[in-house]
There are 2 protein chains.
Amino acid sequence: MPVERKGGVTISQVAEAAGVARSSVSRAYTKPHMLSPDTVEHIKAVAERLGYIPNHTARALSTGRNGNIALIVPDVANPFFPPLIRAAQGEADRYDFCVFLGNSEEDAEKEDKLLSRLSSQVEGVILASPRLSDERILAHASLKPMVLINRNVEGIPRVLIDSGTGVAQATRHLAEQGHRRIVYVSGPSASWSNRQRRSAARNTAAKLSLEFSVVSASVPSFEAGLQAVPSILGRKATAAIAFDDVMAQGVLAGLAARGVSVPEEFSVVGCDDALGPLMVPVLTTVSGQSVEAGKLSVSLLMQVLQSDALGDACYVLETHLIVRSTTNAAP
Amino acid sequence: MPVERKGGVTISQVAEAAGVARSSVSRAYTKPHMLSPDTVEHIKAVAERLGYIPNHTARALSTGRNGNIALIVPDVANPFFPPLIRAAQGEADRYDFCVFLGNSEEDAEKEDKLLSRLSSQVEGVILASPRLSDERILAHASLKPMVLINRNVEGIPRVLIDSGTGVAQATRHLAEQGHRRIVYVSGPSASWSNRQRRSAARNTAAKLSLEFSVVSASVPSFEAGLQAVPSILGRKATAAIAFDDVMAQGVLAGLAARGVSVPEEFSVVGCDDALGPLMVPVLTTVSGQSVEAGKLSVSLLMQVLQSDALGDACYVLETHLIVRSTTNAAP
DNA sequence: ATATTATGTGCAACCGGTTGCATGTCAACG
DNA sequence: CGTTGACATGCAACCGGTTGCACATAATAT
């Protein structure tokens with residue numbers, strides 16, 4: 001037995017039934033203090049009886065505010081993002097905002113399209129780890145309030161997770177354990193985080209006179225990490241720092257498949273702490289701040305929406321190394 | 001230097017600039033075949049020059065269609081959902097629909113609120129693994145087209161992942177390995193999947209004359225799995241089937257912490273295959289169908305939106321056991 | 001050449017609320 | 001007792017598109 005659906009009740013119908021003007025019905029909901037308490041009560045009672053539900057779209061049209069924001073991420077399924085998304089949702093909820101989610105699939109062009117499609121129906125946009133060029137980002141920012149996560153574009157409010165400090169710590173940690181040849185397993189080239197992590201690793205390695213090289217991958221996936229293993233081993237390295245935990249996990253799997261034991265023969269460090277303690281062995285990693293970043297980006301956007309021109313805010317979240325079980329003294 | 005934002009260009013401005021009526025501008029975009037090709041081209045050129053962007057909200061108001069759907073899940077961060085969300089997104093994209101994401105935090109009341117807030121601004125809703133009562137679900141379904149995932153409410157189109165068959169296979173597998181006492185680690189009581197899995201395990205165990213018991217948890221989290229371990233061991237079981245992979249992983253961690261080795265001394269089976277091969281040891285689990293479910297639910301909803309009353313469709317997705325490294329012969 | 005149909009465009013009403021302003025009522029005040 | 005204001009409510013314009021219908025012009029039929 002299929003469900004039957006009834007058409008919407010409008011403000012006019014309520015007004016007529018209650019014997020008042022449409023404006024009064026409207027005010028009963030949006031500005032009750034302008035009406036006498038009796039009238040408000042009466043109108044609401046009638047509305048209730050009729051099953052009236054205010055039409056969000058109509059309201060949005062006349063007020064110009066729709067109470068929606070968009071959140072665009074490169075890959076929902078990358079474990080770094082779900083906690084961020086969740087935190088953003090929660091924060092948006094506190095402001096009575098709803099969230100459109102966009103998934104760019106790590107593709108700049110798709111990101112561009114999503115941005116166009118979504119931005120026309122939201123009050124503001126949060127762009128997490130965008131793969132888009134600065135120019136396109138600025139173009140979109142000129143149309144809609146925008147907050148960036150992990151992308152440093154001057155003039156646009158942004159939340160940056162400074163994984164540089166954590167990666168530097170990780171590099172130092174490896175050096176202290178006696179590793180002399182280390183590899184950085186690179187993530188997406190358009191990623192600000194990747195550039196930041198890579199240079200932090202490179203600079204620290206240089207300071208400590210370690211042999212340093214980079215193995216590249218385009219997409220931060222388990223498979224990419226897995227496939228990087230031959231290159232890594234080919235360079236005679238004894239330790240690797242991966243762009244993120246997922247790639248690190250791929251590296252671990254690749255090493256295991258080749259019979260290289262971790263951490264006895266090889267050390268691996270991840271990034272983002274996205275997997276937490278879910279794995280065995282538990283990954284040594286650089287702490288993420290995805291929850292904080294998600295929450296902060298929303299509250300920042302809300303500020304922008306209120307004061308209009310917040311201008312050029314830039315919040316930096318610190319990170320640090322979390323030593324667990326995938327690093328050890330060099331063999 | 002903060003970005004400057006310019007106000008929207010309206011259809012009227014374009015009309016005036018192009019020397020035509022507003023309706024013609026509208027038609028140039030929505031019904032070009034009604035105008036002469038020259039006019040269309042001219043209007044679009046002018047619109048382009050002015051930077052005109054059609055107002056989605058206004059269009060939605062007059063057409064009654066907004067091209068949005070809502071997807072509500074209990075927990076974005078539960079690894080079962082991200083692939084589902086992603087697949088749903090992708091499919092929605094094909095239909096030029098945008099997706100609101102809602103996160104109920106495993107809470108029926110929050111789900112109810114989200115549903116109310118969201119349903120007024122979408123054409124249809126997809127409810128994944130709802131924790132809400134049948135009554136409330138039906139109430140909402142009477143207002144908006146709805147598709148359910150993993151919830152069997154007659155009269156509402158739904159996609160069910162039949163993990164029963166997979167769990168039965170898992171139970172049989174354990175019996176064949178010589179296990180006589182097994183435990184089911186239960187998930188949320190309001191979850192249809194949980195009831196289905198539990199009874200599949202119980203029934204199969206009964207058929208095979210195994211000792212069977214249930215350890216309960218309310219939320220399917222790593223911690224819940226971890227905390228279930230004492231109870232599990234207290235029952236002298238040698239194998240456990242967990243509600244999902246995340247809980248299974250918690251169980252593994254708890255066992256490891258107590259020095260119980262897997263799979264030598266104890267066997268563990270998960271559900272959903274949400275973690276894939278990311279873990280070591282690789283979890284024996286029941287295949288999930290989250291991607292297929294996400295995709296199917298959207299295309300089903302699209303059908304409902306077109307033909308209005310599709311009525312009572314019910315798609316069932318099969319599952320099966322995937323044997324990996326966390327099960328073995330009973331000790 | 002006139003009657004008929006097809007085609008392209010404009011007019012104006014409408015979608016469902018919101019809001020500035022005008023009006024009406026009644027109490028407090030000088 | 002007339003005036004002033006505060007307060008409650010209604011009127012009507014507006015948000016930015018869409019769409020049924022009317023009308024003018026051009027193409028076709030008779």
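Just so it is clear: chains get the letters A, B, ... in the order the sequence lines come, proteins before strands, and each one is counted from 1.
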Qualifying residues under salt bridge (charged side-chain N to carboxylate O under 4.0 Å, His left out), relative to Asp107(B), sequence neighbours excluded
none
What pairs meet the ring-ring contact (aromatic ring centres under 6.0 Å, His included) rule with one or both residues in residues 10-58 of chain A, with sequence neighbours excluded?
Tyr29(A)-Tyr52(A)
Those residues at least two apart in sequence (or on a different chain) that pass side-chain contact (heavy atoms from CB on, under 4.5 Å) with Ser290(A) are Phe80(A), Pro83(A), Leu84(A)
With Arg27(A) via salt bridge (charged side-chain N to carboxylate O under 4.0 Å, His left out) - residues at least two apart:
none
Treating Asn150(B) as the side-chain partner and Leu160(B) as the backbone partner, does any N or O pair qualify as donor plus acceptor under 3.5 Å?
no
Short question: side chain of Arg158(A), backbone of Ile156(A) - any donor-acceptor pair under 3.5 Å?
yes
By salt bridge (charged side-chain N to carboxylate O under 4.0 Å, His left out) - contacts of Glu91(A) (at least two apart)
Arg94(A)
Distances for protein N or O near nucleotides 6-9 of chain D N or O, under 3.5 Å:
{"from": "dT9(D)", "atom 1": "OP1", "to": "Thr39(A)", "atom 2": "OG1", "distance (Å)": "2.4"}
{"from": "dT9(D)", "atom 1": "OP2", "to": "Ser36(A)", "atom 2": "N", "distance (Å)": "2.9"}
{"from": "dT9(D)", "atom 1": "OP2", "to": "Thr39(A)", "atom 2": "OG1", "distance (Å)": "3.0"}

Show me the pairs that pass ring-ring contact (aromatic ring centres under 6.0 Å, His included) and involve residues 98-120 of chain A, at least two apart or across chains.
Phe100(A)-Phe100(B)
In whole angstrom, give the distance that lies between atom NE2 of His42(B) and atom P of dG8(C).
17 Å
Just how far, in rounded Å, is P of dT9(C) from CD of Glu41(B)?
13 Å
Can you list, by residue number, the residues of residues 113-125 of chain A that have a non-hydrogen atom closer than 4.0 angstrom to DNA chain C?
none
Is it true that Lys110(B) and Asp93(A) have a side-chain N and a carboxylate O under 4.0 angstrom from each other?
yes
Hey, does the side chain of Lys31(B) come within less than 4.0 Å of dT18(D)'s phosphate (OP1/OP2), counting only N and O?
no
Using every non-hydrogen atom in the two residues, find where Ser12(B) and Arg22(B) come nearest and quote the distance to one decimal.
OG-CD, 3.2 Å
Test side-chain contact (heavy atoms from CB on, under 4.5 Å) applied to Ser191(B) - qualifying residues, sequence neighbours left out:
Arg131(B), Pro188(B), Ser193(B), Asn194(B), Phe243(B)
Is a donor on one side and an acceptor on the other found under 3.5 Å between the side chain of Asn68(A) and the backbone of Val122(A)?
no
Atom pairs under 3.5 Å, N or O on each side, protein against nucleotides 14-16 of chain D: can you list them with distances?
{"from": "dC15(D)", "atom 1": "O2", "to": "Ser62(A)", "atom 2": "N", "distance (Å)": "3.4"}
{"from": "dG16(D)", "atom 1": "N2", "to": "Ala58(B)", "atom 2": "O", "distance (Å)": "3.4"}

Enter the inter-axis angle for the ends of the helix from dA1(C)-dT30(D) to dG30(C)-dC1(D) (five pairs per end, rounded to 10°).
50°
Under the side-chain contact (heavy atoms from CB on, under 4.5 Å) rule, collect the residues that match up with Ser36(B), sequence neighbours excluded.
Asp38(B), Thr39(B)
